Every structure is written in structure tokens, then in C-alpha cells.
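The structure appears right after this line, and notes come after that.
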Amino acid sequence: MKSNLHFQSALSFSSDLVQKVNNCIAENQCYLIWFSSARESTQLRVLWLFVSNKTKTAVHFSSAYSKTLYNEYNVLLLLLDEQDLTAHHTYGNTIFKTTLTQDCVIYQKAGHPYPHIVYQPFESFIALYREKQALLTRYCLDFVASKINGSTLAYLKALEYNFEVLELLLLGVKNTKDTFTTRLLILERLIPQMKTLFVKYKNQTYYIIEHLGADDTWIPALQKIQQKLQVIVLDVLAKIDRKTSLITPKTTSKKKNTSSLKYKEKLAPLLETNQIEEIYQFHETLYLKDNKQIRQCYLLVLIKKNKGNKLQQIMEELATKDAEFHFTILLHTRAYIQNNTDLVADFFKAILKSNKRIYSSDYYPQIHWPKDCYLSDQDYPSLWKKSLEKTNKMIQTDLQKPTGALFISTYQLHQCLVSKLQRYIFHHLHYLPQTVHLDTLLQLALYAQNKEAKTLNSLYSQLRPLLFIYTAKKKEEKKYNLVLDPPLVDCLQQFFSTIEVLKT
């Protein structure tokens, strides 16, 4: 039996909480209190109060207070009553072996015995879960096949059923008072694999939840989420079964196939920023330059926040820093790709595959691809179209066979090169790069592997040491700081002609 002094010590981080619990005890509302860290979480803790009447006890713990307790102290407050404990007989009373264990008790009312627990086989509950999950899946498929309005709602209801199962088994009660989003955020803290379900939108919201409509745009994504969630739930159930089984099954230790990150040392400056979520390698080429073999690696790096100057600088330095390994690095946030799926689906769908992922710092969700994505040159964003119009005007006037030397600013030339290369890449790859790094843009243009590639590479190799390196360094200089002789202008004209695509 645990005294008042014991629970006061355990909850000493909040005198207000101690006072509220004391009031419940004084009113003979509280029988037992458990307090411990949540499952697989080092920060989140849970305070369970076994009370005689939830409604009366809830007077002391308003929703606002519970929210403050969660946000400020990482403590989740839950109320249990006799009805809740009785319901757990259906689930085999596993929670008393996994969560509400006697060593987590910080208070027990004098003269009130500890609940008498009879453990039952857990297999029947797992079978029941599988049966109901199969039924819900059929219902959802029937909704979609019949083109009934509300198919998305049916999928959300099926997902909520899985939430209820996890909440009951891990927390003891269903969290029906909170929103779908809040429930998922809490479950993510209990089960890290839950982070792989939904792409986050802004801080604490999810893209699909915020953008669901009456149509079936996101049905394929919801179907994949449902399948993945079922696997997660079954894995949790299997772990609970092993932990609570009267006969401990023999565990066969399998060696994890953990392959070390390729080029880890070379990419160290990028990884040390702690901003990297995942890295995908989507292409690799070998070529000779000055009688040296160079390996060109194409990487998509998903980052946590929009790239700042530091990440951009690191990316540019890594591009050609190593004599034998060169990197073409695309930096994007997961939110950027999700927000622009209509514009980037053709390009990124082929890249964001598990077999191309070479690094991951945590559990992350897959991008939710809409049911249909159609892209044409007409979808080229208006902002870039205006820039392209200025570029075309300059090429058609200033670069037209000058009789003498041509005076131009590096800012003006850099803008033209970036604009035309971006347009070329968008036309052939259906991807509009955000980077203005010339080497990266050139490598992406070569990645398109079109008939112009050989000519393009040859012209770039000529112009890079003569013109492009200096232009990239002085890209902000708007004064006329370049003097181009006719042969160099001719070479530049050929370069622009090679990457010319359909008129906008």
C-alpha cells in the first residue's frame, strides 16, 4: 500500500496537481493511482486515476488543465473506473502486465484491495481484431466501388477503430474526447512507427486531414495508410501477446540487415546539421575528365525545414569538393513535395522508393499521391514564365551576333542561364528545380538523357572555366562587369540554342 506522501513525492513537479489529487482522495473518489513513462517514450508520462465516478472527478481536472499538464509537463492524465477495468477482461487484462503494473502504483486507498486480475489468452482478441478489420476494409472498398459520397469518411472511421484498439491496450481507455489529429499526435509519441502514416502539414496538423474533400482524390493514399496502420497494430498486438503469454515463446534472433550509409564521410557536413530526414540516391554515372574517373551521384535530400543559406552553401560545396565523387543534390522538405504533388509527381514518384533510400534519421511517412496527376508545359508556374520572357528577350536582342565586344552583367547572365536550364529540365523531367546552382542544373539537364546531352555537356565544359564559374561567384553583381568577345558570344548562343524547348 502506498501512502499520500509517496504520490506527493512522485508528483512534486506540480504543486497544483498534488493539490487536485489530494482533493480527490479527501472526497473518497480515488482508489488507485499509477504513474509511469509511456510505452517506448522517454519523455511522455501517464498518470492514471482509478476513481469511483469519472464525472465527479473530472470537476477537478478540466480539459484546459489536462491540456496544460500535457503541454508543460509531458504528462497525460487519464481517468479509469470500474467499467473500464471490467471491459479489459475482454482484452485478456493484458494492460495489467504491460502498463498498469504494481510497481507503477504511487497511491492505494487504505482498505481498498488491488483489483483481482484473471489473465486470459490474448489470441482471441487478435482474431477478433483481424475479423473486424477485414469487415471495415470491405465496407470501405464497397463505398469506393459504388462511388458513394463519404468514402473518405468511411476510411477515417476505419482508421479511428485502429486508434481505439491501440488506446485501449496501451492507455486503458479510448480517447474519444480529442480530435483525430490530436489522437494521432499522442499515438505517435507512444509508437514511433505511427509517424510513417501521415505527412505533417505545418506544425501539428496533417496534410490529408486538412485537405480532404467529398471527391476521391485521396482514396488511394488512405488505402495505403489503412494497410500500413493494420501492420503496425498487428505488430503491437504480437508484442503484447509475447509479453503477456503464460508460456514464453522462444525468440529467434535475426540479424538486422543494416547497411551503412554510402558516402557517409563525404556527406558528413550535411548530416551534422541535424536537419536531414532522409536521403535517396536516384542515379549514378561514371565519366572521364582530365584522364581521371569521376563518379557523379544524384541525391534527393529531404530536410526538416526550408533550406537556409547554410544548407545551400554546404550543398554547393559538396557538389565538386571531392576529386573522385561529385554530387548533384536536390534539397526539399517533405511538405514542399506534398503541397506540390500535381507539379512534381511524375518526377518524385520514381525516386521516393524504399529501395532507393540510403539514409533515414527516424520514422517518416511516404508522400500521399493523389488519384490523378496531369502535367503539361502549360503548368509551368507563372512566376517562372515572367522570368523566362525576360530571358528570351535578352537572348533575342543582346546576344544577336554583336559586331564588337558585348557588355553584360553577371547578374543578367546568371538569371538567363538559370531560367533556361530550369525550363529545359521542367520540359523533359516534369520537375522545376528550386536551386539556382549552375552545376546542379546542368547535371539535371544531362540526367534527362536527351539527344542534346552530348552537345550540351561539351558546350558547358567549354564555357564553365571561361565564363560560368565567374558568373556564379558574381551572380549578384548588376553592373556591366563582363566583356564577351564574338567567339564567346557565339558559343553562348549555341548553348542557349541547345537547351531551347517549346515556346511559352
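This is a predicted model, so every value here is computed, not measured.
Between the side chains of Tyr155 and Gln223, at least one donor-acceptor pair of N or O atoms lies under 3.5 Å. Side-chain contact, Tyr424 with Gln422: no donor N or O sits under 3.5 Å from an acceptor N or O. Checked by atom type, the side-chain pair Thr182/Thr179 shows a donor-acceptor distance below 3.5 Å. Checking Gln494 against Asp490 by side-chain atom types alone, a donor-acceptor pair falls below 3.5 Å.
Environment of CD in Glu164: crowded, with over 12 heavy atoms of neighbouring residues, nucleotides or ligands closer than 6.0 Å. Asn355 CG: more than 12 foreign heavy atoms inside a 6.0 Å radius. More than 12 heavy atoms of other residues, nucleotides or ligands lie within 6.0 Å of CG in Asp362, so this atom counts as buried by the packing criterion. At most 12 non-hydrogen atoms from other residues, nucleotides or ligands lie less than 6.0 angstrom from NZ of Lys67. With a 6.0 Å radius and a threshold of 12 heavy atoms from other residues, nucleotides or ligands, Glu131 has its CD atom at or below the threshold. No more than 12 heavy atoms of other residues, nucleotides or ligands shown are found within 6.0 angstrom of NZ on Lys474.
Ionic pairing of Asp142 and Arg138 is not present here: no N-O contact between side-chain nitrogen and carboxylate oxygen is shorter than 4.0 angstrom. A salt bridge links Lys420 with Glu500: the closest approach of a Lys/Arg side-chain nitrogen to an acidic carboxylate oxygen falls below 4.0 angstrom.
Using cut-offs of 30° and 60° for the angle between ring planes, the Phe13 and Tyr73 rings count as tilted. Note on ring orientation: taking the six-membered ring where Trp is involved, the planes of Tyr447 and Phe282 are perpendicular (angle over 60°, cut-offs 30° and 60°). Classification of the Phe426-His430 ring pair by plane angle, with boundaries at 30° and 60°, yields tilted.
Tyr161 places a side-chain heavy atom less than 4.5 Å from the side chain of Gln133. Contact annotation: the side chain of Leu190 approaches that of Leu171 to within less than 4.5 Å [non-hydrogen atoms, C-beta and beyond]. A heavy-atom distance below 4.5 Å is not found between the side chains of Leu159 and Leu197. Between Leu331 and Thr435 the shortest side-chain heavy-atom distance does not fall below 4.5 Å. Counting only heavy atoms from C-beta outward, the side chains of Leu166 and Ile191 approach each other to under 4.5 Å. Within the 4.5 Å cutoff, the side chain of Leu492 has heavy atoms near those of the Leu413 side chain.
Taking the six-membered ring for Trp and the full ring otherwise, the centers of Phe468 and Tyr460 sit less than 6.0 Å from each other. For Phe407 and Tyr480, the distance between ring centers is not under 6.0 angstrom. For Phe348 and His332, the ring centers sit closer than 6.0 Å to each other.
The CE atom of Met194 sits 11.5 Å away from atom CD1 of Ile186, with the distance rounded to the nearest 0.5 Å.
With Tyr298 as reference, Gln443 is the one residue of His283, Glu284, Gln443 to meet the side chain to side chain donor-acceptor pair (under 3.5 Å) rule.
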**OP:** Take Glu167 and Arg183, measure what salt bridge (Lys or Arg N to Asp or Glu O under 4.0 Å) needs, and give me the verdict at the end.
**Re:** CA-CA 9 Å; Glu167 289 163 352; Arg183 294 171 75 177; 2.8 Å; yes

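When all heavy atoms are compared, the tightest approach of Tyr363 to Lys195 is O-CB, 3.6 Å. Here the closest heavy-atom approach between residue His368 and residue Thr341 is recorded as O-CG2, 3.8 Å.
When atom types are taken as modelled, the side chain of Ser419 and the backbone of Cys416 share no donor-acceptor pair closer than 3.5 angstrom.
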